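Here is the structure we will look at.
Start at 1 and go down the list; that is how both ligands and their atoms are numbered. Sequence positions, counted from 1, serve as the residue numbers for this chain. Only a predicted model underlies this, so the values are computations on that prediction, with no experimental measurement involved.
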Amino acid sequence: MNHRLQWDIFCKVIDNYGDIGVCWRLAADLAARGHRVRLWVDDACALQWMAPGGCRNVQVIPWKQPLELRAANLASQPSDVLVEAFGCDVAPEFIAACAVQHSANGLKPVWINLEYLSAEAYVERCHALPSRIQRGPAADWDKWFFYPGFTAATGGLLREPGLADRQSRFDAPAWLAEQGITFNGEKRVSLFCYEPGALPGLLRQLDQYGLDGKPVRLLVAAGRASHAVKAVFNDEIGLWRNTSGHKQLSISYLPLLTQNEFDHLLWACDLNFVRGEDSLVRALWAGKPLVWHIYPQDDAAHLDKLDAFLDMLEAPPSLRHFHQAWNRSGTGHEAPRVLQRDLQDWQTCLGNARERLMRQNDLCTSLLSFVAKNR
Ligand code: TRH
């Protein structure tokens, strides 16, 4: 049984929504398990739509320079666990304040460096390794690398305890009606991506052939995905809409959804295009066929990461080919046509992956037992 711990999570928003999305989900999960969280974030804007109601026992504090330590009240609520998300380097004045506490009462926080998610082999090797702090007020303390991942030898994936239950009670037609989306027996496809070069080809394909022999309703996430789709129509509509004569594709542009509602979107669709990190994990839990637009890195390191993910998934060849086309840089690539049997294979693959991953400890559970062992 864990004591009620005081957590401090530090988050820097680099771009997009994943940094704050992951940190918020972690904070809310810890709070739901009875812990108290201070979430220090340099740009909390996205929380206004991601989690408008906030969460009991999560205090969001602006990460200013210098840090307003008074907001934390460290003297009465010292930090038990310090999480720096994605190597963001905790504010030095916070470390100094923890060191003062340490000399006063002998307690120091367990310092966790929460890393990015990957299925690559190095994750198992590096997970839970300490790194000794060499200098400064926290000299000789350890900072621990904590890697989310897909195997029991990693930190696992974020998965709040009530998820499966909530999912089993979900009523897709009712949810669609609430969104004002008519339910006409179309195949529903969600789209959350950056600007994939294969997007025009995918839209053309869906418009011409539909999916699984049915017309398609594409539900496009707000932001970059919706700009990318609109850009294709601006550039190309005259080229293909007029000549093809087909009209299998209809499109709904979504508003920004709360994280909960974003889950509902994934659960209500037959195929989910997701990106980054957090939406990928949510799509895995949805257990529906998915296509991942991986966050591109300059040195193309993301391609190894993509392969490792597809290996972990035990992806059938059609799913691999689709991912390779979807993640190729540059424009003008054709996404392979998705046939009925492909979609069935993808469903089997994702259903099995969900089942395997559900049997593993979730990230919060792993983190809590790691902290209990290392305090
Ligand atoms: O937005 P992302 O691409 O984020 C990230 C960041 O770019 C980050 O810097 C990078 O390191 C990382 O990818 C790999 O994708 P992600 O991770 O899926 O985060 C999106 C979050 O936004 C996720 O928590 C779901 C949430 N979301 C909603 O809650 N409602 C919405 O309507 C949408 C579109 C997203």
Exercise. Please report which non-hydrogen protein atom sits nearest to atom 2 (P) of ligand 1, along with the residue it belongs to and the distance in Å to one decimal place.
Key: R275 NE, 3.4 Å
Quiz item: According to the salt bridge (Lys or Arg N to Asp or Glu O under 4.0 Å) rule, which pairs have a member within residues 9-20, sequence neighbours left out?
Solution: none
Quiz item: What atoms in ligand 1 come closer than 4.0 Å to a heavy atom of T258?
Solution: 29 (O)
Contacts table for residues 78-99: side-chain donor-acceptor under 3.5 angstrom, sequence neighbours left out:
residue : atom : partner : partner atom : Å
S79     : OG   : D8      : OD2          : 2.8
S79     : OG   : V81     : O            : 3.4
D80     : OD1  : R375    : NH2          : 2.9
D80     : OD2  : Q6      : N            : 2.7
E84     : OE1  : V90     : N            : 3.3
E84     : OE1  : W111    : NE1          : 3.2
E84     : OE2  : K143    : NZ           : 2.9
E93     : OE2  : L67     : N            : 2.7

Practice problem: Looking only at non-hydrogen atoms, find the nearest pair between H35 and L368 and report the distance. | Solution: NE2-CD2, 3.4 Å
Practice problem: Could you establish whether Y116 and ligand 1 come within less than 4.0 Å of each other, counting only heavy atoms on the residue side? | Solution: yes
Quiz item: Relative to the heavy atoms of G21, which atoms of ligand 1 are at a distance of less than 4.0 Å?
Solution: 24 (O)
Practice problem: Can you figure out which of L265, L280, L191, D278 has its heavy atom closest to atom 25 (C) of ligand 1? | Solution: D278
Quiz item: Among side-chain atoms of R224 and N16, is any donor-acceptor pair under 3.5 angstrom?
Solution: yes
Quiz item: Taking a hydrophobic cluster as the set of Ile, Leu, Val, Met, Phe, Trp and Tyr residues connected by side-chain heavy atoms closer than 4.5 Å, whether directly or through intermediates, do L306 and L290 fall within one such cluster?
Solution: yes
Self-check item: Heavy atoms from other residues, nucleotides or ligands near CZ of R70 exceed 12 (cutoff 6.0 Å)
Solution: no
Exercise. Please indicate whether D298 has more than 12 foreign heavy atoms, meaning atoms of other residues, nucleotides or ligands, lying under 6.0 Å from its CG.
Key: no
Practice problem: Please identify which atoms of ligand 1 are closer than 4.0 Å to at least one heavy atom of Y295. | Solution: 7 (O), 14 (C)
Quiz prompt | Atoms in ligand 1 with a heavy atom of W49 nearer than 4.0 Å | solution = 27 (N), 28 (C), 29 (O), 30 (N), 31 (C)
Quiz item: For ligand 1, which atoms, with element, lie under 4.0 Å from some heavy atom of A221?
Solution: 34 (C)
Quiz item: Within less than 4.0 angstrom of ligand 1, does W24 place any heavy atom?
Solution: no
Practice problem: Considering heavy atoms of the protein only, find what lies nearest to atom 19 (O) of ligand 1 and give residue, atom and distance to 0.1 Å. | Solution: G18 CA, 3.2 Å
Quiz item: Quick one: which ligand 1 atoms are inside 4.0 Å of a heavy atom on L256?
Solution: 32 (O)
Practice problem: Within a distance under 4.0 Å of any heavy atom of D15, pick out the atoms of ligand 1 and give their elements. | Solution: 6 (C), 7 (O), 8 (C), 9 (O)
Exercise. Counting heavy atoms only, name the option from Y17, Y194, F192 that's nearest to atom 3 (O) of ligand 1.
Key: Y194
Quiz item: Can you check whether H264 and F170 have ring centres sitting under 6.0 Å from each other?
Solution: yes
Quiz item: Only one of K214, K247, R217 forms a salt bridge (charged side-chain N to carboxylate O under 4.0 Å, His left out) with E186, so which one is it?
Solution: R217
Quiz prompt | Neighbour count above 12 (heavy atom, 6.0 Å) for R341 CZ | solution = no
Exercise. If you have a sec, work out which protein heavy atom is nearest atom 12 (C) of ligand 1 and how many Å separate them, to one decimal?
Key: G276 CA, 4.2 Å
Practice problem: Report the part of M50 (side chain from C-beta onward, or backbone N, CA, C, O) that has a heavy atom under 4.0 Å from ligand 1; answer both or neither where that applies. | Solution: side chain
Self-check item: Nearest protein heavy atom with distance in Å, relative to atom 32 (O) of ligand 1
Solution: L257 N, 2.8 Å
Quiz item: Just by modelled atom types, is the V338 backbone N or O under 3.5 Å from a matching donor or acceptor in the D342 side chain?
Solution: no
Exercise. Determine whether the side chain, the backbone, both or neither of F86 has a heavy atom under 4.0 Å from any heavy atom of ligand 1.
Key: neither
